[in-house]
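Comments concern the structure below.
Convention: sequence-line order gives letters A, B, ...; per-chain numbering from 1.
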Amino acid sequence: MSRRLLVGLTGLVAFALLAGACAVPQRKDTSIVSKPAATPVTARTIVADYNEVRARADETLDGSLLPEVEGGELLDIDQGAYFVSVRVDKREGYGLLRLAPPQQVVSPRFEAYPMWFVAMARDEVSGNKRVAVFERADSVSPWLMTMAPETTPGAILPPVVTDSTGAAVTVLPDDDTGTGISPAAALRRYTGALAPGTDVDDDFFASDAFLIQTRRFQETQGSLPFADFQQTWTAQRPEFALRVEGGGLLVFGTVTRRDSYRVQTNSYIDWDDNADTAAYLPGRVFRSADLDYAHQLLLYVPPAGSGRARLIGQYGGVVDGQGF
Amino acid sequence: MRRLGGIALIVLGVLGVLLGAALAVGFGPDDRIGTGPHRLSTPGQAIVTAPEALAFSGPRVELTVTSAEPGRPLFLGVGHDVDVRDFLGETPRTRIDTIELPWRVTTTDLPGGGAPKGAPEDPRWWLTEAQGRGQAVLTWRLPDSAADLVILDPDGGDGLTVDVTAAVLAPGVFVVGLAVAVLGLGVVIFGWAVLTTRVAPHGLHARRPDPPAPAPAREPVAPERGE
């Protein structure tokens with residue numbers, strides 16, 4: 001009896017001491033002065049905020065609302081889509097986007113602004129997925145979606161490498177460690193494969209629908225009997241790249257494209273059955289026309305010597321045009 | 001062995017009494033232990049702690065800040081160091097580099113030519129915030145991340161003097177302290193009893209007697225008739 005009482009009393013006192021110890025402040029490591037751009041919870045809120053503004057903009061096809069939630073070339077593409085939709089009076093199927101709560105959030109850590117993170121979410125309008133990059137320029141600016149390559153409904157991102165805090169590991173534009181090709185060089189190489197001419201047989205990238213569609217378009221436009229067609233592609237510097245497990249890369253990049261037509265004498269071009277161009281170039285073009293496009297790409301680059309790079313997602317559209 | 005157990009119980013009990021009494025006396029019936037008011041001032045627009053100054057996490061803290069100028073608007077906010085640094089930018093301010101309790105602070109005046117990037121109540125990244133005229137009270141749990149406390153006049157203007165009272169809140173700690181002290185006292189008494197009670201040597205009367213042998217079976221006896 002006395003032994004049991006002894007054990008019980010000892011346990012009680014030990015519990016009280018432990019409970020007291022829990023209230024004691026814990027010293028924390030103040031040398032880590034960085035923060036993840038977003039947690040899954042904050043990313044969900046940011047996507048919800050985006051949807052709210054986007055729904056208002058979609059309702060009225062009012063591109064002036066989009067700068068509240070979008071930036072960079074994505075803003076140009078979506079405002080272009082609204083412009084096309086209004087001009088050709090086809091309100092359905094242009095630009096509409098409604099993101100479901102993110103299925104995956106990938107966030108690096110930052111010691112200062114600007115900061116960014118990636119959210120992969122299903123588009124409830126099209127059923128496809130968007131791999132969106134949200135950026136925040138400073139502590140008082142809103143989160144803006146600046147990239148949103150579109151992928152198939154079943155697309156899955158390769159697992160991203162994380163550091164000891166769970167934050168995604170980023171890769172600088174010119175870092176070719178492990179892959180033998182930097183994000184900037186990979187984007188330039190894909191751009192080279194898109195451009196007509198010399199690099200069309202480059203097999204660094206696996207063939208994809210965007211490449212095939214682009215080459216087919218180049219062939220049809222190049223065979224026009226009444227106009228000379230030229231297409232040029234330019235890669236912007238990719239600011240967002242992530243290291244994936246196994247040593248590969250995920251590269252977000254924007255490429256711009258210009259389609260130029262020089263109309264032969266006594267001829268004209270009429271784009272009445274092509275909605276995008278008809279919006280920017282209504283009526284007939286008798287001398288020349290230039291159409292500018294922006295495309296946002298998500299590329300996977302494998303470790304050096306282990307397969308071909310491939311396009312995971314793409315989203316783009318016409319952003320400007322002039323002709324006379 | 002018994003003697004050792006008794007001494008251990010007494011030591012444990014005394015520790016319990018001391019700890020419980022310290023908790024109960026330190027925190028008091030309002031379950032808080034505090035320091036202040038202490039005067040802080042800046043020639044700039046804000047008073048801000050460095051991450052090293054709030055080097056602990058866990059406890060719930062209440063901060064009462066009173067402006068030396070009655071009725072002056074005050075904003076108190078706690079945010080991640082990355083957000084606070086960016087928000088204040090080049091705002092001239094006084095940084096509290098270290099805080100040693102009960103109260104000793106080291107500060108650095110940071111000159112600058114700017115102002116906060118916006119109204120302090122607008123950002124959504126504040127972990128907690130409070131406002132008031134003449135006085136503001138902020139209660140929050142010290143976070144694990146590198147956090148800064150900001151004290152400023154949301155209307156701006158150079159020069160700010162405030163009196164700061166800080167308290168650690170621990171709801172129920174007074175009762176727990178009393179309970180631990182009483183329990184410790186009980187353990188001391190019990191330990192003393194264990195130490196001083198004499199116990200008969202093993203085997204003298206603690207031994208159980210052998211069970212009685214079973215009685216031999218008997219044939220039932222017919223009752224005799226009356227004599």
B/D81 bridged to A/K35 by N-O distance under 4.0 Å
no
If you compare all heavy atoms of A/K28 against all heavy atoms of B/A147, which two are closest, and at what distance to 0.1 Å?
NZ-N, 4.3 Å
How long is the span from the CG atom in B/D86 to the CD atom in A/E111, to the nearest 0.5 Å?
13.5 Å
If you compare all heavy atoms of A/V140 against all heavy atoms of B/P123, which two are closest, and at what distance to 0.1 Å?
CG1-CG, 4.3 Å
Could you grab the distance from atom CH2 of A/W143 to atom CZ of B/R124, nearest 0.5 Å is fine?
12.0 Å
Under the rule for side-chain contact (heavy atoms from CB on, under 4.5 Å), what residues qualify as partners of A/R98, not counting sequence neighbours?
A/N51, A/R54, A/A55, A/D58, A/E124, A/V125
Inspect the surroundings of CD1 in A/I156 and state if more than 12 heavy atoms from other residues, nucleotides or ligands are less than 6.0 Å away.
no
Atom pair CH2 (B/W125) and OG1 (A/T42), whose distance is rounded to the nearest 0.5 Å:
14.5 Å
Relative to chain B, which segment of A/R136 carries a heavy atom at a distance below 4.5 Å: side chain, backbone, both, or neither?
side chain
Please indicate whether A/Q103 has more than 12 foreign heavy atoms, meaning atoms of other residues, nucleotides or ligands, lying under 6.0 Å from its CD.
yes
Give a yes or no on whether the backbone of A/S34 and the side-chain of B/H80 come within a donor-acceptor separation of less than 3.5 Å.
yes
Do you know the tightest heavy-atom contact between B/K117 and A/D138?
NZ-CB, 3.6 Å
Greatest number of non-hydrogen atom pairs under 4.5 angstrom with chain A, of B/P51, B/G118, B/G191, B/A55, falls to B/A55
With rounding to the nearest 0.5 Å, note down the distance linking CZ in B/R85 to OG in A/S139.
11.0 Å
Below 4.5 Å from any heavy atom of chain A, which atoms of B/D83 appear? Answer side chain, backbone, both or neither.
both
So do B/V82 and A/Y113 actually touch side chain to side chain, heavy atoms under 4.5 Å?
yes
